[in-house]
> 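Questions regarding the structure given below will be posed in turn.
Sequential numbering from 1 along the given sequence is applied to the chain's residues.
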Amino acid sequence: MGWKPGHYLLLAVSLYALVVTFAFSLRGRQVAALRQEAMAYRERAAWAPEGYMLPLPGACLPSLPENLPGAPRPYRKGVSAGFVFRQGDACVPVVRGMGVVAAFGGEVVKVDPDFQELSEEAWQALLERVREGASPEEMDLLRGLEVHVRHPDGRTTVYAHLQAPYPGLRVGSRVHRGDPIGYVGNTGLRGGAPRLLFEVWEGEPDRSAFLFQGLEGEELLRRARAFFGLP
């Protein structure tokens, strides 16, 4: 049986319906993807609406060279990766037990509520091992009790020498900018004065670059003030 004009019309209508159906399906997937991306942006904004802040409320940036990123640490043939907030160089009292807050919103990826100091023998053995450089695992021991928070921008902040983590804080906890995460202490210092070591890593701690690496002096402080929104 030969094709009649009506058959061609029916075929054309059917093909048009298929094209329209495919277009709507494609558009639906695109809209769903856009909605998912928008939700992710809203979630990131809720975690950190104003960017990074210093982890000690009211503090200023340290000014002494030995308390800034890049300061030499000869005992392990390396440099400091962060800011050291200690009494007399923070614009606020730095005392044992004062609160430490999250500098930026994100997810807690490391916390040790059952932390115990090394014995004197183990400590001396650690110092001997790191004389030519410390591994990431050895750096964890040197920093004492730590909290690590991973952020939506890919960075990780490290809060070290803590006396204790904030009660209930655990791996997987979500924190917002300014949420309490721990208390200033002197763990990992063998009796040194209370302080907070605060590091910002571009990726994984001790396996990526730290923030302001390679900078020094006034240029470092200028960039840091801008980053933390300080005058």
> Minimum heavy-atom separation for Ser80 and Leu197, please, with both atom names.
OG-CD1, 4.2 Å

> Taking the side chain as every heavy atom from C-beta outward, state whether Trp201 and Leu211 have any atom pair closer than 4.5 Å.
no

> Mind listing the closest non-hydrogen atom pair of Asp140 and Glu146 along with its distance?
OD1-OE1, 2.9 Å

> Going by atom types alone, do Asn186 and Arg195 pair a side-chain donor with an acceptor below 3.5 Å?
no

> Using side-chain heavy atoms (C-beta onward) and a distance below 4.5 Å, is Val101 in contact with Met53?
yes

> May I ask you to decide whether Arg150 forms a salt bridge with Glu107, counting only side-chain N to carboxylate O separations under 4.0 Å?
no

> Is a salt bridge present between Glu120 and Arg190, judged by a nitrogen-to-oxygen distance below 4.0 Å?
yes

> Indicate whether the side chain of Trp123 and that of Glu121 have a donor and an acceptor atom separated by less than 3.5 Å.
no

> Indicate yes or no: at least one non-hydrogen side-chain atom of Arg131 is less than 4.5 angstrom from one of Lys77.
no

> Could you report the tightest heavy-atom contact between Val171 and Val111, atom names first, then the distance?
N-CG1, 3.6 Å

> For the residue pair Tyr159 and Phe198, categorise the inter-ring angle as parallel (less than 30°), tilted (30 to 60°) or perpendicular (more than 60°).
tilted

> Does the distance from a Lys or Arg side-chain N to an Asp or Glu carboxylate O, for Arg207 and Glu137, drop under 4.0 Å?
yes

> Verify the cluster assignment for Val94 and Leu230: are they in a single hydrophobic cluster under the rule of side-chain heavy atoms below 4.5 Å apart?
yes

> Are more than 12 heavy atoms, taken from residues, nucleotides or ligands other than Glu219, located less than 6.0 Å from that residue's CD atom?
yes

> Any disulfide bond (SG atoms under 2.5 Å apart) pairs touching residues 84-134, not counting sequence neighbours?
Cys60-Cys91

> Is any side-chain heavy atom of Pro205 closer than 4.5 Å to one of His148?
yes

> Determine whether Phe227 and Phe83 fall in the same hydrophobic cluster, where Ile, Leu, Val, Met, Phe, Trp and Tyr are linked whenever their side-chain heavy atoms lie under 4.5 Å apart.
yes

> Please examine the side chains of Val184 and Leu56, heavy atoms only from C-beta on, and report whether any two atoms are closer than 4.5 Å.
yes

> With the threshold set at 4.0 Å, does a side-chain nitrogen-carboxylate oxygen contact exist between Glu138 and Arg143?
no

> Could you tell me which non-hydrogen atom of Ala134 sits nearest to which non-hydrogen atom of Leu142, and how far apart they are?
CB-CD1, 4.3 Å

> When you compare the side chain of Leu169 with that of Val175, does any pair of heavy atoms fall below 4.5 Å?
yes

> Counting neighbours of CZ on Arg129 that are heavy atoms of other residues, nucleotides or ligands and sit closer than 6.0 Å, is the number greater than 12?
yes

> Do you reckon Phe104 sits in the same ILVMFWY cluster as Phe210, going by side-chain contacts under 4.5 Å, direct or chained?
no

> With the side chain counted from C-beta on, respond yes when Pro165 and Phe115 share a heavy-atom pair under 4.5 Å apart, and no when they do not.
no

> Kindly work out whether a path of hydrophobic side-chain contacts (I/L/V/M/F/W/Y, heavy atoms less than 4.5 Å apart) joins Val95 to Leu189.
no

> Taking the ring centre of each residue, are Tyr52 and His151 less than 6.0 Å apart?
yes

> Let me confirm one number: the CD1-OH distance from Ile181 to Tyr166, rounded to the nearest 0.5 Å.
12.0 Å

> Indicate, with yes or no, if Leu61 and Val84 share a hydrophobic cluster defined by side-chain heavy-atom contacts under 4.5 Å among Ile, Leu, Val, Met, Phe, Trp and Tyr.
no

